[in-house]
Amino acid sequence: MSEPSYITIPHSRAEDVFGVLSGTFLASLGLYLLHDAHSVTGGVAGLSLLITYLVPWSLSTVLIAANIPFFVLALWLKGPVFTLKSAISVALLSAFVKLHEHLLPLASISPGYAVFTGNLLAGVGILILFRHGASLGGFSVFALVAQERAGIRAGYVQLALDTCVILAALFAVPASNVLLSAAGACVLNLVLAVNHRPGRYLA
């Protein structure tokens, strides 16, 4: 018996706007928790966290600066619409991180809880952005292109790249934080690997 065929219905503009807002909000909250725990994760977001531990720059500023080269790549590989959505997403991510700093002061939080919850939130946020034709730039661009052109799952591609960032963290944070970061990055990428598979979902 042949598989049933479906007609996919694209998201409306209003749905895309809400998707980008909710995705960046969740991801920014995740990064805020990771930053408070002095941990890292994968991708350019993790690289940005790492940079803030080495130089006295704000996370919001580094997030934007670190993504600029990847926006050029995204424009070439993914087109202007994807690039514009991704640039807006990173700008919103940066703004939401600032918002959390002012409205959600964290006096004390368990590092393990912060790393697990932060990566879970970031993974769900990125997943929402993928579903609405956007990303947080950086390694996500490579991951999506690899999935679309080579059939390699985005989560696994991102996991390989994330490993490099986490290993580099050994030069900036204690080894115990790096181990937590590695476990947390696995959580984030499992969210993507399990939930972002071509052909499984209609939306």
Side-chain angles (χ1 to χ4, degrees), residues 21-67 70 89-130 135-140 143 154-196:
L21 285 172
S22 57
T24 52
F25 184 86
L26 289 175
S28 68
L29 182 56
L31 290 183
Y32 176 61
L33 292 176
L34 291 172
H35 191 261
D36 188 78
H38 213 65
S39 180
V40 297
T41 188
V44 173
L47 182 62
S48 299
L49 286 167
L50 181 58
I51 291 172
T52 64
Y53 304 147
L54 298 172
V55 296
W57 299 342
S58 71
L59 179 57
S60 296
T61 300
V62 176
L63 280 168
I64 294 176
N67 269 291
F70 293 98
S89 297
V90 172
L92 286 170
L93 182 76
S94 177
F96 282 141
V97 166
K98 279 286 188 185
L99 182 69
H100 300 318
E101 291 173 355
H102 289 290
L103 299 182
L104 189 63
L106 298 175
S108 176
I109 186 170
S110 164
Y113 176 83
V115 169
F116 176 79
T117 305
N119 278 284
L120 188 61
L121 287 169
V124 173
I126 293 171
L127 177 64
I128 292 173
L129 291 171
F130 281 0
S135 77
L136 292 179
F139 297 164
S140 298
Y156 296 149
V157 175
Q158 185 112 12
L159 181 59
L161 296 171
D162 292 350
T163 301
C164 298
V165 175
I166 292 170
L167 289 176
L170 286 168
F171 297 99
V173 299
S176 58
N177 289 39
V178 175
L179 289 174
L180 272 176
S181 299
C186 288
V187 171
L188 188 157
N189 286 287
L190 278 173
V191 171
L192 299 181
V194 170
N195 295 286
H196 190 68

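- The minimum heavy-atom distance between Leu63 and Ala45, with the atom names listed, is CD2-CA, 4.1 Å.
- One N or O on the side chain of Asn119 and one on the backbone of Val115 form a donor-acceptor pair closer than 3.5 Å.
- Put simply, the side chain of Val55 does not reach to within 4.5 Å of the side chain of Val62, judged on heavy atoms.
- Considering every non-hydrogen atom in both Gly43 and Val165, the closest pair reads O-CG2, 4.0 Å.
- Using cut-offs of 30° and 60° on the angle between ring planes, the pair Phe25 and Phe96 is perpendicular.
- Atom-to-atom distance recorded for Thr61:OG1 and Lys98:NZ is 6.5 Å, nearest 0.5 angstrom.
- Closest approach of Ala114 and Ile109 over heavy atoms only: CB-CD1, 3.9 Å.
- With rounding to the nearest 0.5 angstrom, the CG atom of Leu31 is 11.0 Å from the CG atom of Leu26.
- Note that CG of Leu121 and CZ of Phe116 are 9.5 Å apart. Values are rounded to the nearest 0.5 Å.
- Remark: side-chain polar atoms of Thr24 are not paired, donor with acceptor, to backbone N or O of Leu93 under 3.5 angstrom.
- For the atom pair OG of Ser110 and CG of Leu33, the computed distance is 11.0 Å after rounding to the nearest 0.5 Å.
- With Ser94 contributing its side chain and Val90 its backbone, the two residues share no donor-acceptor pair below 3.5 Å.
- A distance of 6.5 Å separates CG of Leu29 from CG of Leu104, quoted to the nearest 0.5 Å.
- His38 NE2 to Leu50 CG: the interatomic distance, rounded to the nearest 0.5 Å, is 9.0 Å.
- Annotation for Asn195 and Leu127: closest pair CB-CD2, 3.5 Å, computed over non-hydrogen atoms.
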Side-chain donor/acceptor pairs under 3.5 Å, residues 179-187, sequence neighbours excluded:
{"unit_1": "Ser181", "atom_1": "OG", "unit_2": "Ser39", "atom_2": "OG", "d": "2.6"}
{"unit_1": "Ser181", "atom_1": "OG", "unit_2": "Val40", "atom_2": "N", "d": "3.1"}
{"unit_1": "Ser181", "atom_1": "OG", "unit_2": "Val40", "atom_2": "O", "d": "3.3"}
{"unit_1": "Ser181", "atom_1": "OG", "unit_2": "Asn177", "atom_2": "O", "d": "2.7"}

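- Closest of all the heavy-atom pairs between Leu129 and Ser89 is CD2-OG, 3.7 Å.
- Here the side chains of Leu47 and Ile51 are in contact, with some heavy-atom distance below 4.5 Å.
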| task | Go through the steps to decide whether Phe171 and Leu54 satisfy the test side-chain contact (heavy atoms from CB on, under 4.5 Å), and finish with yes or no. | result | CA-CA 9 Å; Phe171 297 99; Leu54 298 172; 6.0 Å; no
